[in-house]
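Note on naming: letters A, B, ... go to the chains in the order of the sequence lines (proteins, then strands), and numbering restarts at 1 for each one.
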Number of protein chains: 4
Amino acid sequence: MSQKIYMPHLSTAQHAKPVRTRKALRAALVDLLGDRGLEQLSIREITTRAGVGYTTFFRHYPAKEALLNDLAGDQVQQLVEMALPVVQSGDLRESMLALCRYVEGRRRLWRILLTGSAAAATRDEFLRVAEEIVRNQTWPEGWLPAEAGMILIVSGIVELVGWWLRQDDPLPVERMAEILDRSVVTPNVAAVLQQPG
Amino acid sequence: MSQKIYMPHLSTAQHAKPVRTRKALRAALVDLLGDRGLEQLSIREITTRAGVGYTTFFRHYPAKEALLNDLAGDQVQQLVEMALPVVQSGDLRESMLALCRYVEGRRRLWRILLTGSAAAATRDEFLRVAEEIVRNQTWPEGWLPAEAGMILIVSGIVELVGWWLRQDDPLPVERMAEILDRSVVTPNVAAVLQQPG
Amino acid sequence: MSQKIYMPHLSTAQHAKPVRTRKALRAALVDLLGDRGLEQLSIREITTRAGVGYTTFFRHYPAKEALLNDLAGDQVQQLVEMALPVVQSGDLRESMLALCRYVEGRRRLWRILLTGSAAAATRDEFLRVAEEIVRNQTWPEGWLPAEAGMILIVSGIVELVGWWLRQDDPLPVERMAEILDRSVVTPNVAAVLQQPG
Amino acid sequence: MSQKIYMPHLSTAQHAKPVRTRKALRAALVDLLGDRGLEQLSIREITTRAGVGYTTFFRHYPAKEALLNDLAGDQVQQLVEMALPVVQSGDLRESMLALCRYVEGRRRLWRILLTGSAAAATRDEFLRVAEEIVRNQTWPEGWLPAEAGMILIVSGIVELVGWWLRQDDPLPVERMAEILDRSVVTPNVAAVLQQPG
DNA sequence: CTCTAATCGAGACGGTACGTCGCGTCTTACG
DNA sequence: CGTAAGACGCGACGTACCGTCTCGATTAGAG
């Protein structure tokens, strides 16, 4: 029962090629997701666009979905790493502003990540990260269960930012940050923390 | 030359057979969605379960997605028709209570509709209906754009109710209705209507 | 185990309708065989062309092939009934002339009957009729077995007449009759009858 | 987008697999044609018998008919290559003897090739080859047109040999060769060459 | 001249086969 | 070590046509 296909290491940066290959695949996916959803894309198309052999794909990812997850996970990770310090400083409005600015700087990519079939993957990735953060602390028993609050915040951000990026004539970042802060983040954080009333 | 697949009338209740067939297909889909997502299901499986010929499927729906949409549209329609009067009476808390009671009475079905790949279809269906309702009136210019408010309400309800239905030991309906009202519906309705401040 | 489909009587000319229906179907088949072979034709096409309901087809024929056989059998029967007396008068050349004249008068129909997939049915029909005629008499033991002679005569006539009808600028009937007589009929008849030598 | 079915090279004997696959398909077809006609066979059956994937069939042949043609063409080619030298030596009787012996050595295969739906393909293949041979020379103007003669010879051989192979108690090869020579080949060749009389 | 049986049309369906698409595996051979 | 490319098995798709059934017209000819 020998695994015949060679599997390049995901971590050891010994060789540069695997890294380049993966990068090319992710880039190709982003390119193609501009037009159609993930399920309309064939792996052949992705590899061709990436300038990589068809078989090679499977040496790096077991399926299309894994590639998308890799992509989404990467971006979400970066986003969170950028925003978390601001959040922890306590100024939620400022953190939303940072988030919006960051996303606007990668408009094209994030519109794809928050639209169509990719949106689900991105939201799941967000939830995963959020759960990790939430799980490490205990919470006062507000009238809103912590998990529900988390869901509302994550899905609210994802949906609203997606809506924002899909607009033809998008609102200014400051306006968007205000909306996110006032309608999604601050009230739900408060609801989780507040004493029931 | 071209036999062209026959398309039974959707409306004429003259003949009972087409109606029964469609009902059987919807029921089979619900059954199977209990285990797996839509894309893991083959049309053959659905038709077999429904006790219907494979080809017959295409006489009624052009694709799996259409069947799911039919299903989701149906249910959402019913739900909205039930809840809308209560909403218009002005008591939002009461309307959420009605919604939760209605959903709890169809627990199994709605868990499916709000989980996995079906959730997206259900949300879209909700949005479609909500847009229709929203479009027919003009709105005061609150600080939250009407469209954003609608998105938040719909996705909030969908996500939270989905979360509720997936729980092993679910919250009581009254509690759930309170959460929905206080965290999703009332604040967002208010934000759309209120003068900016 | 009741045969639900109503089967109109094939013989009893009680009603004129079945007769007309069958005639229409045969005519439609001839029409359509002008363009394509039998297997490229769908029963729906034939019935549509005949101005007859799809289901009706099966009330008269069990399959496309049966319709074609009906058609071919009919024509072959007529041809043979016309030619047999001349054959039995002993003048083979004259009989070939009669055959060619008869066929030329129904050029279009016979080109279809002797071309493509219909040719096989026509040849089989011929062979069936020929066998009947041959079986009823005993034959002197020539060097050519009677059955082989029959096959050569039938297939020779079918192939050559088919070739003749497909020509753009066809030979005159007299010439054709001469060819058939000299190359196919007379030598083979002789060979069957002659003493071996 | 378009994966387009892969088409293995017909010629490059680089790889042995495609060759083996095609051979297996031909063998399976021969096997199955023993029982039923081509149109009663499904491609699935053929591939299953050949121990080959269903899709693979289409990587090699566009349709069942193509496979049959491949088969028939192959055999006819071999037969003609074997017989042609003998024909050109001038001894027609001897060439018929060679033909009969060759066919008898492959009895089972040739009975299939000359029976039922395969017979038409084989005859066409024969005609194609014969036309090629005939077209390359000019012919004296006998009373029988060269094309008609060719048709008579080819169809005569095909029909008689088919009849021979279908017999329960077949004639000896010498007898069969005599019949073919005296009734089909020699008279028609003579008729094409002779001055009209 | 009616009315009743023979004939037909239309809608719907179950089922078989087709040809196509894409997936994932394997092998072989090349940098 | 990593990749490219050819060939394949497999599962699903969507289509075409077949043959059957039901139901409801229509129509012709016997009374």
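Look at CZ on A:Arg59: it is 11 Å from C1' on F:dA5, rounded to the nearest Å. The interatomic distance linking C:Phe57 (CZ) with E:dG9 (C1') rounds to 16 Å, in whole Å. For the pair D:Gln40 CD and F:dC18 P, the computed distance is 14 Å after rounding to whole Å. What separates OH of A:Tyr54 from P of E:dC23 is a distance of 5 Å, to the nearest Å. B:Tyr61 places its OH atom 19 Å from the C1' atom of F:dC13, with the value rounded to the nearest Å. We find that CD of D:Glu65 is positioned 12 Å from C1' of E:dC18, with the value rounded to whole Å. Nucleotide E:dC13 holds its P atom 14 Å from the CZ atom of C:Arg44, rounded to whole Å. E:dG9 atom C1' lies 15 Å from atom CZ of C:Arg20, rounded to whole Å.
Formation of a donor-acceptor pair under 3.5 Å by the A:Lys64 side chain with backbone atoms of A:Ile43 is not found in this model.
Set against F:dC8, F:dA4, E:dG19, the side chain of A:Thr56 has F:dA4 as its closest nucleotide. Closest to the side chain of D:Thr21, from the set E:dC18, E:dG24, F:dC8, is F:dC8. Closest to the B:Thr55 side chain, of the nucleotides E:dA17, F:dT20, E:dT16, is E:dT16. Considering only side-chain atoms of A:Ser42, the nucleotide from F:dC13, F:dG9, E:dG22 that sits closest is E:dG22.
In terms of position on DNA chain E, the residue among C:Gly51 and D:Pro62 whose nearest nucleotide sits closer to the 5' end is C:Gly51. When each of A:Gly53 and B:Leu41 is assigned the nucleotide of DNA chain F with its nearest heavy atom, A:Gly53 is the one assigned upstream, toward the 5' end.
Closest of all the heavy-atom pairs between A:Ala118 and A:Ile112 is CB-O, 3.4 Å.
Here C:Lys64 does not reach the OP1 or OP2 of F:dC17: none of its side-chain N or O atoms lies under 4.0 Å away. Contact annotation: B:His60 reaches the phosphate of E:dC13 (side-chain N/O to OP1 or OP2, under 4.0 Å).
Here A:Leu38 contributes atom CG and A:Leu29 contributes atom CG; the two are 6.5 Å apart, rounded to the nearest 0.5 Å.
Note on D:Arg36 versus D:Glu45: salt bridge recorded, some NZ/NE/NH1/NH2 to OD/OE distance being below 4.0 Å. Residues A:Asp70 and A:Arg22 are not paired through a salt bridge, judged by the lack of any N-O separation under 4.0 Å between the basic side chain and the carboxylate.
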